[in-house]
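Keep in mind that what you see is a predicted model, and the values were worked out from it rather than measured.
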Amino acid sequence: MTLTPEMARAGVTPQLLSSTHRFKCPNCGKEFSLFQSRAIACRACPMANKNCKYVRCVHCDKEFPLNGFVVNTKEKEKFLSGYMNGVVDNYHKSFGYYRR
């Protein structure tokens with residue numbers, strides 16, 4: 001999916017767009033997004049808001065490295081894990097649940 005001018009005006013960023021992109025799990029074959037992974041499968045993990053470099057399938061609970069599965073370079077992996085860290089951090093701060 002490409003970021004359209006309407007999406008940009010609504011506040012959608014390229015990072016948000018990439019975190020909502022759906023991926024097919026190589027283990028079970030079902031689709032999920034990185035955002036779903038962090039919000040659902042990684043919810044209880046202490047690494048979920050510490051720049052974790054992994055993605056976990058929300059269906060079969062199998063974990064994969066971001067590099068090679070979601071992104072293709074170490075730089076993109078670091079950037080995306082940092083971005084998702086900020087999203088999860090902001091969510092926990094907004095709703096009063098924050099673990100350090």
Side-chain angles (χ1 to χ4, degrees):
M1 178 181 266
T2 307
L3 186 64
T4 65
E6 293 79 19
M7 293 168 78
R9 280 195 297 275
V12 176
T13 63
Q15 297 82 10
L16 178 61
L17 195 60
S18 66
S19 69
T20 58
H21 178 79
R22 299 187 64 77
F23 301 96
K24 187 180 279 192
C25 175
N27 189 53
C28 70
K30 295 183 180 174
E31 291 186 352
F32 65 96
S33 70
L34 180 58
F35 187 75
Q36 284 178 305
S37 175
R38 288 288 199 268
I40 298 168
C42 300
R43 181 176 56 213
C45 180
M47 293 303 292
N49 62 343
K50 295 182 179 164
N51 295 341
C52 181
K53 295 179 181 177
Y54 293 92
V55 59
R56 183 178 299 270
C57 176
V58 298
H59 304 285
C60 69
D61 209 35
K62 182 81 172 161
E63 192 172 69
F64 307 95
L66 281 170
N67 194 13
F69 183 65
V70 178
V71 294
N72 56 7
T73 66
K74 288 280 187 188
E75 292 79 23
K76 289 179 182 177
E77 173 191 280
K78 184 176 180 180
F79 181 81
L80 192 55
S81 64
Y83 174 76
M84 288 308 299
N85 177 55
V87 170
V88 172
D89 239 10
N90 188 36
Y91 174 82
H92 289 307
K93 287 176 185 174
S94 297
F95 292 97
Y97 176 77
Y98 194 72
R99 181 191 338 194
R100 279 276 174 190

Looking only at heavy atoms, which two atoms of [X] and [Y] are closest? And how far apart?
X: Glu31; Y: Arg22; result: O-NH2, 3.1 Å
X: Ser81; Y: Leu66; result: CB-CD1, 3.9 Å
X: Met84; Y: Leu34; result: CG-CD2, 3.6 Å
X: Cys25; Y: Phe32; result: CB-CE2, 3.8 Å

Counting only N and O atoms by type, is there a donor-acceptor contact under 3.5 Å from the side chain of Arg56 to the main-chain atoms of Asp61?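 Checking the backbone N and O of Asp61 against the side chain of Arg56, a donor-acceptor pair under 3.5 Å is found.
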Taking atom OH as the centre, does Tyr54 end up with more than 12 heavy-atom neighbours from other residues, nucleotides or ligands that are less than 6.0 angstrom away? no
Rounded distance [0.5 Å steps], [atom1] in [X] versus [atom2] in [Y]:
X: Arg38; Y: Ser33; atom1: CZ; atom2: OG; value: 11.0 Å
X: Glu77; Y: Lys53; atom1: CD; atom2: NZ; value: 5.5 Å
X: Lys78; Y: Asn67; atom1: NZ; atom2: CG; value: 13.5 Å

Going through the checks in order, is the side-chain contact (heavy atoms from CB on, under 4.5 Å) test met by Phe23 and Val55? CA-CA 10 Å; Phe23 301 96; Val55 59; over 6 Å; no
Could you give me the CA-CA distance, side-chain angles and deciding distance for Cys42 and Ser37, then say whether side-chain contact (heavy atoms from CB on, under 4.5 Å) is met? CA-CA 6 Å; Cys42 300; Ser37 175; 3.9 Å; yes
Evaluate the side-chain contact (heavy atoms from CB on, under 4.5 Å) criterion for residues Cys28 and Cys57: first the C-alpha distance (whole Å), next the side-chain angles of each, then the deciding distance (0.1 Å), finally the verdict. CA-CA 9 Å; Cys28 70; Cys57 176; 3.8 Å; yes
Do the side chains of Ile40 and Leu80 join up, straight or via other hydrophobic residues, at under 4.5 Å, putting them in one cluster? yes
With Lys62, which residues qualify under side-chain contact (heavy atoms from CB on, under 4.5 Å), at least two apart? Asn27, Cys60, Phe64
Answer yes when Arg9 and Glu6 have at least one side-chain N-carboxylate O distance shorter than 4.0 Å, and no when they do not. yes
